[in-house]
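When a ligand or atom number is given, it counts from 1 through the structure's own listing order.
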Amino acid sequence: MCGICGYIGKNNGVGKVVEGLKILEYRGYDSCGIAYIENNKLKLVKTIEGVDELYNLTCDKSSNFVIGHTRWATHGGVSEKNAHPHISSSKKLAMVHNGIIENYRELKDKLDANYYSETDSEVFLNLIDSKSGDLLTKVIDASKEVKGTFAIIILSEDGEIVLGKRESPLYLSNVGDELYIASDILALSGENFYTLKDDEFARIKNFEISFYNKNKEKIHKKQEKIKKNEAFLENFYKTHMENEIFETKNVLLKTLKEYENEAIFSKIKLPKNLKSISLIACGTAYHASLMGAEYFKEVGIDARAYLASEFRYGRELLNKNTLYIFVSQSGETADTIAAAKLVKSHKLNTLALTNTPNSLLNRICKNVLPTFAGREIAVASTKAYSCQVWSLYLFSLYLAGKKLPSERANSNFPFINFDEKFIKEIASYKKVFFIGRDLDYITAMEASLKLKEITYINCFAIASGELKHGTLALIDKDAVVIAICTQEKIKTKLLSNLEEIKARGGKVIVVSQFDDFKDFSCVKLSKFDELFMPIVSVIPMQFLALKICELFGYNPDKPRNLAKSVTVE
Ligand code: F6R
């Protein structure tokens, strides 16, 4: 999703900001641009052709004051005019904005301004410009009238900069006489950084930085250390997604090592009388949460997973004996954050299970349990999912007072390379279904999400037992059913389901470690403890999606309409 970068310093900041935007590319975007000062005038360069093109368009430019943005369209289509930065009606201010201004229509009606885009951001900018006083006063006064979320940088033509935030992250770092601003710590330079809290602002004037609260009072801020979460392998494979799938084994081992002496678990403050666990997340992290809930139940703790976007508006009875775990790779997902804030407002016990050390979710929750998947760049989550499942499994063992495994993840992982024929065959079907029971049903959901998000094939997952309650009507010669079976107790039942599919002309492919499916095409898995099998079986499913994506000629790292960090609700 949208990304912000800024530079103020004695050197040329154009290349530095474009480089920062390049780092933010992984979050997903559809247009980008920069604003800079040249001869006391604000200049804009924008493109819908990507950050590399922005580099070509700006490599001969130079400025000490530069702000940049990668946009993920919400209000108004993908176009240069809707790309940020925007320029105010008076042409004196430029702005980049992450977030959404909910009352932009109402504000627009009140303002007398010219508009060059269809965005809500431009309305916020003109509201700022309409206020009187110095730039800081204008920004703070305008922010009181907007409803919604924002992280903004305002650059005035005389080189003054004001930034502020509400619910959307924004960070600054100071390296010698250079100041860097970014919405993601990864795009900051230096070792230390400042964070803005909600409704806090910063002013940069004459290369000096000062911080303010919403009452315009000066506040003091301490710097924090940037914690690194490095990936393990250099980019060895063709795409980030492939690289990251291959990193799975390393990151599981790293996680095990970090959890080994249990110190990381013993720091977690559990409810005094722990009776149940609620896991709350979105997308792939929700699937990991479903798996986690099964692991907790396995050791006798009542547990349930919720979609964050539903949890907020549902009727859940919050309870002081419940531990609320928020699972998120990025730690920035708006729905998950909103749910965490809701639980926190009831003073209940929260835990962030995230892969991003300095994330917003970590700051909101009382406890943090890190996953050690390293930086995940591909939009489709792979190694981070396996790590979330693994972390929840290890945490369940800890809660049950059981010993953590030592070498389990050390054996061979089934990095199955489907042969080209098999990929082509599956890709030729009009309908793709994933089925499974119990833990395998959860893997089926994740497999289906991976396939649809990078190949655009219309597919879905269904619990094997539910097929006969409606979906069997869709099974014919145009359908392929991928059945996952890693749990001994469901083998026989699955065999009957498969016969029903075969009888209706559907193609069946079984993904299993068992030898019982000789009558069907089979993807053979290595054999591990059954509770560990969901991590083993998801890997060939991730590969399947990747290989079909490549066969179709799409870029798996940048699927359409999706972003790595979903910072809008
Ligand atoms: C799918 C995918 C998304 C994310 C979801 C939550 O591959 O990546 O479904 O899992 O947007 O993101 P995080 O884990 O960052 O909260």
Please write down residue, atom name and distance for the protein heavy atom closest to [atom].
atom	answer
atom 14 (O) of ligand 1	Gln329 N, 2.7 Å
atom 5 (C) of ligand 1	Cys282 O, 3.6 Å
atom 10 (O) of ligand 1	Thr284 N, 3.1 Å
atom 15 (O) of ligand 1	Ser330 OG, 2.6 Å
atom 12 (O) of ligand 1	Thr333 OG1, 3.4 Å
atom 11 (O) of ligand 1	Val566 CG2, 3.9 Å
atom 7 (O) of ligand 1	Glu453 OE2, 2.6 Å

If I apply the N/O under 3.5 Å rule, does [X] come out as touching ligand 1?
X	value
Val379	yes
Gln388	no
Ser381	yes

task: Could you tell me whether Glu332 approaches ligand 1 through its side chain, its backbone, both or neither, with non-hydrogen atoms closer than 4.0 Å?
output: neither

Hey, are [X] and [Y] close enough for a salt bridge, meaning a charged N less than 4.0 Å from a carboxylate O?
X	Y	answer
Glu247	Lys383	yes
Lys165	Asp199	no
Glu260	Lys257	no
Asp302	Lys297	no

Using a strict 4.0 Å cut-off to heavy atoms of [X], name the atoms of ligand 1 that fall inside it.
X	answer
Lys450	1 (C), 7 (O)
Ala380	7 (O)
Ala285	10 (O), 14 (O)

- prompt: Please, which pairs that meet ring pair (Phe, Tyr, Trp, His ring centres under 6.0 Å) have at least one residue in residues 317-359, sequence neighbours excluded?
  reply: none

query: Do Glu25 and Tyr29 pass the side-chain hydrogen bond (donor to acceptor under 3.5 Å, both in side chains) test, and can you show the C-alpha distance, the side-chain angles, and the key distance before you say yes or no?
result: CA-CA 7 Å; Glu25 265 193 323; Tyr29 72 107; 2.7 Å; yes

task: Examine the side chains of Asn349 and Asn367 and answer whether a donor and an acceptor come within less than 3.5 Å of each other.
output: yes

message: Looking only at side-chain N and O atoms, does Asn355 offer a donor or acceptor that is under 3.5 Å from a partner on Thr371?
response: yes

Would you mind writing out the side-chain donor-acceptor pairs for residues 286-293 within the sub-3.5 Å range, not counting sequence neighbours?
from   : atom 1 : to     : atom 2 : distance (Å)
His287 : ND1    : Glu446 : OE1    : 2.8
Ser289 : OG     : Ala285 : O      : 2.8

